[in-house]
Amino acid sequence: MWDLLITLGNLMFLPSLIPTIINKHAYVPRLTSAIGFVATGVIVAGLIGEGLVASPIVLSIIGFMWLLTLVLRGEKLPDAEPGVVAEAPAQQSAD
């Protein structure tokens, strides 16, 4: 019963991480991703220790997604090429 409930709760996290991994312009600070990865690992160990089966598997997938986020989305992409100065938008006159 508890395994099913925890599994269903963890399944709700999956759709929230997928867009971040897919979007090449997404940025998540590395500290945030690292904490998510480590925390899910600790919780997985606890769930396994309690003898649960399905919820640690689903949570391991979430942990792997945090690891992907750490590796793929932990760096801000530059807005422009190095050495190129972005121009400020022109102001409209009131005339």
Side-chain angles (χ1 to χ4, degrees):
M1 164 84 170
W2 288 113
D3 195 24
L4 177 63
L5 182 64
I6 295 169
T7 301
L8 292 175
N10 283 323
L11 283 171
M12 292 180 198
F13 282 114
L14 290 175
S16 66
L17 290 171
I18 292 171
T20 304
I21 294 171
I22 293 173
N23 183 358
K24 291 182 181 182
H25 299 288
Y27 168 71
V28 177
R30 289 183 186 228
L31 181 61
T32 301
S33 303
I35 290 171
F37 174 68
V38 171
T40 54
V42 170
I43 297 168
V44 164
L47 294 172
I48 291 171
E50 286 296 315
L52 302 178
V53 178
S55 54
I57 292 170
V58 172
L59 196 58
S60 294
I61 295 168
I62 293 170
F64 179 71
M65 292 174 76
W66 275 115
L67 181 61
L68 283 176
T69 302
L70 173 70
V71 172
L72 299 175
R73 305 297 171 235
E75 233 177 272
K76 287 184 182 178
L77 293 177
D79 292 334
E81 295 179 20
V84 176
V85 178
E87 294 182 23
Q91 293 182 347
Q92 294 180 347
S93 64
D95 297 331

If Ile, Leu, Val, Met, Phe, Trp and Tyr residues are connected whenever their side-chain heavy atoms lie under 4.5 Å apart, and connections chain through other members, are Phe37 and Ile35 in the same group?
no

State, yes or no, whether a side-chain contact exists between Pro56 and Asp3 at a heavy-atom distance under 4.5 Å.
yes

Roughly how far, to the nearest 0.5 Å, is CG of Asn23 from CG of Leu72?
11.5 Å

Could you see if Leu8 belongs to whatever hydrophobic cluster contains Leu52? Use Ile, Leu, Val, Met, Phe, Trp, Tyr and a side-chain cutoff under 4.5 Å.
yes

First locate atom CE of Met65, then atom CG of Leu14, and finally report the distance between them rounded to the nearest 0.5 Å.
5.5 Å

Rounded distance [0.5 Å steps], CG in Leu17 versus CG in Leu68:
10.0 Å

Can you tell me how far the OG1 atom of Thr69 sits from the CD1 atom of Ile18, to the nearest 0.5 Å?
10.5 Å

Is there a donor-acceptor pair closer than 3.5 Å between any side-chain N or O of Arg73 and the backbone N or O of Ser33?
no

Would you check if Leu59 and Ile62 make a side-chain contact, meaning some heavy-atom pair closer than 4.5 Å?
yes

Quick check for you: to the nearest 0.5 Å, what is the distance between Asn10 atom CG and Ile57 atom CD1?
12.0 Å

If you round to the nearest 0.5 Å, how far is CD1 of Ile61 from CH2 of Trp66?
16.0 Å

Correct closest heavy-atom pair for Leu70 and Arg30 would be CD1-O, 3.4 Å

Has Thr7 got a side-chain atom pairing as donor or acceptor with Ser55's backbone, closer than 3.5 angstrom?
yes

In terms of heavy-atom contacts, does CZ of Phe64 have more than 12 from other residues, nucleotides or ligands at under 6.0 Å?
no

Closest non-hydrogen atom pair between Leu11 and Pro15, with its separation:
O-CD, 3.3 Å

